[in-house]
Amino acid sequence: MLKVLEHPLITHKLTQMRRKECGTKDFRANLDEIAGLMAYEISRDLPLRTVDIETPVSPYTTKELAKDIVLVPILRAGLGMVNGIANLIPTVKIAHIGLYRDEETLEPHTYFEKYPKNVKDAVVMIVDPMLATGGSANAAIDMVKKQGAKNIRLVCLVGAPEGVKAVEEAHPEVDIYLAALDEKLNEHGYIVPGLGDAGDRIFGTK
C-alpha cells in the first residue's frame, strides 16, 4: 500500500530541498528532519508487548516494542535518512546494501551487503531518498527477503508513479511511504520535478 505523508512541516522542508540553490549543509539538515518526521508515521503500527516494570512510585504493567527494527539504507544516498530515523528509534540495527545504477540500462547492480543477525524476525525498513524506476528498491527488497525478512517497509522521500507501480507489482505486500509523489520520470530516469541526484547533493560530490 502506498502512503504519502502530507504533513505541512514535511512539505515545507522538502520545498527547501528541491530548490537548486539549496546547499549541502541545508540539504542534509532538511533530509535528517524529514526522515525523523516520517519515522512517526512509519512506526505507528509497530507491534508492542506487555511488560511489568517498577516505577519510582509503584509496580506498573505497560508496553514496549516487541520486535527489533532494522534500517537498510541503499548506499549511498540512503545513508542520508538513517540519522533522522535512528534519533527517534535509537535501538535500531543498521544493515547496508550497496547498489549502483547502470547509466545505460538503468538496471541496479550489487556491490555490498551486510546485515545484523535479527533480520528474519525484525521489522525491516529499507530507506532511499528517491524511488525512480523502482529497480534499486525491488533489488533491495529481493535481497532482504533472501535473508528471511517478512515484515518489510520501503521509505523514500520522493517517488515517481513508475517506481511505485514497479514495486507494487513485484512486492504487493510491502508498504511504501513517501514524503511526495511526483509527476513522472524523464528520459534519463530522473524524477520530475524531483530534487536532482540526492547522493550528490547529500555528499557534495557535484
Side-chain angles (χ1 to χ4, degrees), residues 1-19 22 24-48 65-97 99 119 122-132 134 136-138 140-141 144 149 151-168 171 173-183 191 193-199 201-203:
M1 180 185 295
L2 172 63
K3 301 177 183 181
V4 181
L5 309 182
E6 295 178 340
H7 188 285
L9 289 176
I10 291 176
T11 300
H12 171 78
K13 293 175 186 298
L14 182 55
T15 296
Q16 310 317 307
M17 294 178 69
R18 289 188 192 270
R19 297 180 191 274
C22 181
T24 299
K25 178 178 179 291
D26 289 337
F27 194 91
R28 286 180 189 157
N30 280 295
L31 179 56
D32 248 12
E33 292 165 4
I34 291 175
L37 290 167
M38 292 181 74
Y40 280 100
E41 186 62 31
I42 62 180
S43 61
R44 182 179 296 275
D45 62 348
L46 291 178
L48 296 171
L65 291 175
K67 288 183 175 289
D68 287 329
I69 301 166
V70 175
L71 285 186
V72 186
I74 300 176
L75 302 179
R76 64 187 165 134
L79 292 173
M81 298 183 69
V82 169
N83 284 345
I85 297 174
N87 285 341
L88 187 75
I89 315 171
T91 56
V92 295
K93 307 294 190 300
I94 301 172
H96 293 86
I97 287 178
L99 295 171
V119 171
V123 176
V124 175
M125 300 179 182
I126 298 172
V127 295
D128 193 1
M130 314 301 286
L131 175 56
S136 294
N138 277 335
I141 294 169
V144 298
N151 189 335
I152 304 169
R153 303 164 191 213
L154 177 63
V155 185
C156 303
L157 202 65
V158 176
E162 296 91 331
V164 171
K165 181 180 178 183
V167 174
E168 287 179 334
H171 304 283
E173 79 287 358
V174 173
D175 285 336
I176 303 169
Y177 295 86
L178 299 177
L181 179 62
D182 277 13
E183 180 185 342
I191 299 172
L195 43 73
D197 187 303
R201 297 192 72 188
I202 291 166
F203 297 108

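Counting begins at 1 with the first residue of the sequence.
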If every non-hydrogen atom of Ile10 is compared with every non-hydrogen atom of Ala179, which pair is closest and at what distance? CG2-CB, 3.6 Å

Testing the basics here: between Ala180 and Val4, what is the closest heavy-atom pair and its distance to 0.1 Å? CA-CG1, 4.1 Å

Do Ile97 and Leu99 have side chains that approach each other closer than 4.5 Å (heavy atoms only, starting at C-beta)? yes

Indicate every side-chain donor-acceptor pair of residues 82-91 with a distance under 3.5 Å to a residue at least two apart or in another chain.
{"unit_1": "Asn87", "atom_1": "ND2", "unit_2": "Asn83", "atom_2": "O", "d": "3.2"}

What's the shortest heavy-atom distance between Arg18 and Pro193, and which atoms? NH1-CG, 3.8 Å

Would you give the length of the straight line joining atom CG of Leu31 to atom CG of Asp26, rounded to the nearest 0.5 angstrom? 12.5 Å

With a 4.5 Å limit on heavy-atom distance, are the side chains of Ser136 and Met130 in contact? no

What is the minimum heavy-atom distance between Thr24 and Ile202, and which atoms define it? CG2-O, 3.2 Å

Which value, rounded to the nearest 0.5 Å, describes the distance between Leu195 atom CG and Arg201 atom CZ? 6.0 Å

Enter the distance from Leu178:CG to Glu6:CD here, rounded to the nearest 0.5 Å. 10.5 Å

Side-chain heavy atoms of His171 within contact of Ile152, under 4.5 Å: no

Search all heavy atoms of Ala77 against all heavy atoms of Asp128 and return the closest pair with its distance. CB-OD1, 4.0 Å

Heavy-atom side-chain contact between Met81 and Ile34 under 4.5 Å: no

I want to check something: taking the side chain as every heavy atom from C-beta on, are Phe203 and Leu79 in contact at a cut-off of under 4.5 Å? yes

Provide the closest heavy-atom pair for Leu131 versus Ala137 in the form atom of the first, atom of the second, distance. CD1-CB, 3.8 Å

Give me each pair satisfying salt bridge (charged side-chain N to carboxylate O under 4.0 Å, His left out) with a member in residues 71-83, each pair once, sequence neighbours excluded. Arg76-Asp200

Could you tabulate the donor-acceptor pairs under 3.5 Å formed by side-chain atoms of residues 153-168, not counting sequence neighbours?
{"unit_1": "Arg153", "atom_1": "NH1", "unit_2": "Ile42", "atom_2": "O", "d": "2.6"}
{"unit_1": "Arg153", "atom_1": "NH1", "unit_2": "Asp45", "atom_2": "OD1", "d": "2.8"}
{"unit_1": "Arg153", "atom_1": "NH2", "unit_2": "Asp45", "atom_2": "OD1", "d": "3.2"}
{"unit_1": "Glu162", "atom_1": "OE2", "unit_2": "Leu185", "atom_2": "N", "d": "3.2"}

Spatial distance of atom CE (Met1) from atom CD1 (Ile176) [nearest 0.5 Å]: 11.0 Å

Residues forming a side chain to side chain contact (heavy atoms under 4.5 Å, CB included) with Leu65, sequence neighbours excluded: Leu46, Leu48, Ile69

Rounded to the nearest 0.5 Å, what's the gap from NE2 on His96 to CG on Leu71? Could you check? 9.5 Å

Among residues two or more places apart or on two chains, list those pairs meeting salt bridge (charged side-chain N to carboxylate O under 4.0 Å, His left out) that have a residue in residues 28-42. Lys13-Glu33, Glu41-Arg44

Go through the structure and list residues passing side-chain hydrogen bond (donor to acceptor under 3.5 Å, both in side chains) with Asn30, not counting sequence neighbours. none

